[in-house]
Amino acid sequence: MPVVDLAKSSLRELNAALQQLGPTTNETDWTVLNPSGEHAIAAGVDAPVTVTIAGPVGYFCGGMNKLATLVVEGSAGQGVGENMMSGLIHVKGDASQSAGATGRGGLLIVEGNASARCGISMKGIDIVVKGGIGHLSAFMGQSGRLVVFGEAGEALGDSLYEARLYVRGPVAGLGADCIEKEMRDEHRQELFDLIKAAGEAGKVDVGEFRRYGSARKLYNFNIDNVDAY
Amino acid sequence: MSERDWLPTTPRKSATFDDYALSEIRRAAATGIYDIRGGGSKRRLPNFDDLLLLGASMTRYPLEGYREKCGTEVTLGTRFAKNPLKLAIPITIAGMSFGSLSAQAKEALGRGASLAGTSTTTGDGGMTPEERGQSRHLVYQYLPSRYGMNPDDLRRADAIEIVIGQGAKPGGGGMLLGQKISDRVAQMRNLPKGIDQRSACRHPDWTGADDLEIKIHELREITNWEKPIYLKVGASRPYYDTALAVKSGADVVVLDGMQGGTAATQEVFIEHVGIPLLSAIRPAVQALQDLGMHRKVQLIVSGGIRNGADVAKALALGADAVAIGTAALTALGDNDPQWEAEYERLGTTAGAYDDWHEGKDPAGITTQTPELAARLDPVKAGRRLANYLKVMTLEAQTLARACGKNHLHNLEPEDLVALTIEAAAMARVPLAGTEWIPGQRF
């Protein structure tokens with residue numbers, strides 16, 4: 001069980017060690033001490049390992065993550081899990097803006113609040129935020145699911161493609177081409193599964209959520225929709 | 001009084017409301033949509049034709065054309081990257097996406113560039129196996145849309161180009177219209193087939209130079225500090241953009257003038273935003289010199305480069321390399337008169353065809369339609385591109401030798417004069433036959 005203390009080792013040493021791990025490594029449980037808000041901690045990992053980061057992280061923690069489970073025992077700066085491909089990133093505190101931006105896959109869990117542009121341009125990632133999210137979240141979201149236990153800021157889902165959004169709390173406003181949609185059984189089921197994956201099965205009622213998605217009116221340019229652009 | 005004994009005034013068309021302006025008004029009124037097209041600015045702009053090189057004379061010795069060496073190699077990314085890109089010639093292929101171009105065209109670009117010892121560049125749509133397989137040196141673009149972005153391709157690349165903007169549309173995003181979204185393009189971009197794919201104008205996870213510095217740090221961490229990191233900007237405020245690129249930690253600055261092409265953008269954007277390449281190079285070089293970074297952070301310039309004279313002049317103004325896009329497509333076969341009958345059916349003519357977004361390219365280059373794309377033989381087209389790149393290099397060498405330079409990078413502003421006052425002011429070289437550089441403070 002390797003322990004890397006960033007007060008003694010450099011970020012480069014840590015990331016190089018993590019990025020060298022292969023699919024069959026025996027070193028599957030890592031701890032990072034004294035992260036002290038450094039940027040790009042555990043970015044680019046591509047192995048089925050667990051990395052527990054004992055404190056707050058800066059920008060782009062877990063960027064482009066594949067397969068790994070990262071646990072941030074603190075808050076995360078901008079772009080946590082940006083473009084992640086797979087695996088799990090679990091932020092125990094709050095997350096700054098652009099959490100999970102352009103994420104392709106995997107699951108990002110934020111125990112606290114996320115900020116503006118949460119899930120911006122998401123492309124397959126699942127995001128569960130147990131607090132609220134800021135404005136312009138899921139902007140141009142292409143696919144994947146965003147689940148929010150709390151409230152959502154202005155312009156939720158602006159210019160949305162096929163990402164599906166589930167929000168329990170009040171929504172300050174919907175962005176262009178984002179509408180509330182009917183919650184059918186298949187949606188209740190996928191929402192239940194996501195809540196379960198986030199460790200809240202039985203504690204959160206899927207019936208309290210509303211579903212938002214694309215009206216698909218901006219999919220092909222039409223001059224009569226110009227006010228929406 | 002029925003018979004006039006004087007001739008009527010000659011019908012006179014307005015210089016302001018010329019035939020093109022009138023046709024555009026009628027088109028807008030009929031369709032209710034702005035004109036979208038490919039390519040770069042088509043209007044007459046101050047360009048490299050407005051500069052002349054001063055050959056050797058009594059004060060300079062020329063080099064013998066067939067005996068004395070004139071070096072052409074360039075190394076890009078010497079500032080921070082462990083593995084800088086070493087190219088045989090200072091002419092690279094600019095970023096163009098699979099999606100806007102066919103897979104065959106991308107393959108041909110890779111083949112031609114590799115034969116000539118230079119790099120090609122992906123675009124807004126990710127990296128294709130055809131392109132990676134045929135490109136000895138491949139630059140991977142990192143764009144706001146992040147279509148197709150993944151760490152494996154990032155690591156497979158030889159350099160990374162973060163795109164802030166491009167010369168055809170500084171400040172603008174992109175659009176790939178639904179008719180070009182084939183199954184493969186849709187799959188690579190993770191979007192439904194047949195819908196318009198918009199590309200954002202700002203990156204989703206950073207804003208401003210301070211954030212960008214951290215983003216560059218992240219990309220270096222993910223790629224083990226191996227890859228040169230380029231920063232591409234559309235020419236608008238080149239002095240400050242270059243200075244901020246240096247501050248952000250870039251290895252290479254790519255500066256694209258308004259003649260630089262695009263796959264599809266509004267005509268009004270192409271013709272009215274940004275500045276000509278001729279006017280952008282000296283401010284960018286000045287910024288590098290002011291920071292003590294000229295030749296340490298390399299400068300690639302693009303936008304309307306056509307021949308070896310353009311290359312020589314761009315390098316004389318202080319660039320380390322140039323990039324070509326439109327010219328490379330022309331070498332592959334774009335707008336070739338052999339397809340004239342088909343161009344006419346599309347309402348245009350060879351040399352003017354620019355509806356690249358519609359995917360109907362008779363030359364099979366800017367299309368995703370299999371029957372059209374199959375018209376382009378990637379091997380033959382790649383050979384044409386290689387020939388063209390070699391001719392450009394020979395031309396630039398010829399001019400450099402005439403100026404007494406044993407490497408293209410030894411060309412300097414002192415080798416140049418301008419034919420027009422505008423070009424003299426923009427390129428900061430004297431008007432031919434004078435010592436006058438307009439705008440220079442004494």
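Numbers restart at 1 for each chain; the letters A, B, ... are given by sequence-line order, proteins then strands.
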> Between A/Asn15 and B/Glu221, is any side-chain donor less than 3.5 angstrom from a side-chain acceptor?
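A/Asn15 vs B/Glu221: donor-acceptor pair found between side chains.
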
> Under 4.5 Å heavy-atom distance to chain B, tell me which part of A/Leu11 shows up: side chain, backbone, both or neither.
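Both parts, backbone and side chain.
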
> Drop me the distance from B/His203's NE2 to A/Ile120's CD1, to the nearest 0.5 angstrom.
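Here the interatomic distance stands at 11.5 Å.
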
> Is there side-chain contact between A/Arg12 and B/Arg220, with heavy atoms separated by less than 4.5 Å?
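With C-beta onward as the side chain, the pair stays apart.
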
> Distance check, rounded to the nearest 0.5 Å: A/Glu162 atom CD versus B/Ile195 atom CD1?
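With rounding to 0.5 Å, CD (A/Glu162) is 7.0 Å from CD1 (B/Ile195).
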
> Looking at B/Lys360, I want to see if its NZ is surrounded by more than 12 non-hydrogen atoms of other residues, nucleotides or ligands under 6.0 Å.
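For B/Lys360, atom NZ is not crowded (no more than 12 foreign heavy atoms under 6.0 Å).
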
> Rounded to the nearest 0.5 Å, how far does CZ of A/Phe60 lie from CD1 of B/Ile222?
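If I round to the nearest 0.5 Å, the distance is 9.5 Å.
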
> Ignoring hydrogens and angles, tell me if any N or O in the side chain of A/Gln142 forms a donor-acceptor pair with the backbone of B/Asn190 under 3.5 Å.
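It does hold such a pair.
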
> Does the side chain of B/Asp211 come under 3.5 Å of the side chain of A/Tyr59 through a donor N or O and an acceptor N or O?
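Short answer, yes.
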
> Heavy-atom cut-off 4.5 Å, strictly under: side chain, backbone, both or neither for A/Asp46 against chain B?
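Contact with chain B: side chain only.
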
> Heavy atoms only: give me the nearest B/Leu191-A/Tyr161 pair and the separation to one decimal.
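So the minimum-distance heavy-atom pair works out to CD2-CG, 3.4 Å.
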
> Could you walk me through whether A/His39 and B/Glu213 satisfy the side-chain contact (heavy atoms from CB on, under 4.5 Å) test, starting with their C-alpha distance in whole Å, then the side-chain angles of each, then the deciding distance to 0.1 Å, before giving a yes or no?
CA-CA 11 Å; A/His39 305 306; B/Glu213 190 172 353; over 6 Å; no

> What part of B/Ser145 gets within 4.5 angstrom of chain A, counting heavy atoms only: side chain, backbone, both, or neither?
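The answer is the backbone of B/Ser145.
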
> Tell me if the NZ atom of B/Lys296 is crowded by more than 12 foreign heavy atoms within 6.0 Å.
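Check fails, neighbour count at 12 or below.
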
> To the nearest 0.5 angstrom, please state how far the NZ atom of B/Lys215 sits from the CD atom of A/Glu82.
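Separation between the atoms: 3.5 Å.
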
> Hey, which of A/Ala99, A/Ala43, A/Gly79 has the most heavy atom pairs under 4.5 Å with chain B?
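Result: the option with the highest number of such pairs is A/Ala43.
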
> If you count the non-hydrogen atoms of other residues, nucleotides and ligands that lie under 6.0 Å from CZ in B/Arg27, is the total more than 12?
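Enclosed.
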
> Between A/Met64 and B/Asn150, is any pair of side-chain heavy atoms under 4.5 Å apart?
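Contact flag for A/Met64/B/Asn150 side chains = no.
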
> With no hydrogens and no angle check, is any side-chain donor or acceptor of A/Gln78 less than 3.5 Å from a backbone partner on B/Asp205?
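Indeed, once roles are kept as given, a pair shorter than 3.5 Å links the two residues.
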
> Under a 3.5 Å distance rule, please check whether A/Ser98 uses its side chain to pair with a backbone N or O of B/Pro204 as donor and acceptor.
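It does hold such a pair.
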
> Within a strict 4.5 Å, meaning less than it, do heavy atoms of the B/Arg155 and A/Gln19 side chains meet?
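In short, these two side chains touch, coming nearer than 4.5 Å.
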
> Please determine whether a side-chain nitrogen of the Lys or Arg among A/Lys66 and B/Asp152 lies less than 4.0 Å from a carboxylate oxygen of the Asp or Glu.
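Yes.
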
> So, for A/Arg104 and B/Gly148, which heavy atoms are closest and what is the spacing to 0.1 Å?
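Minimum heavy-atom contact is NH2-N, 2.9 Å.
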
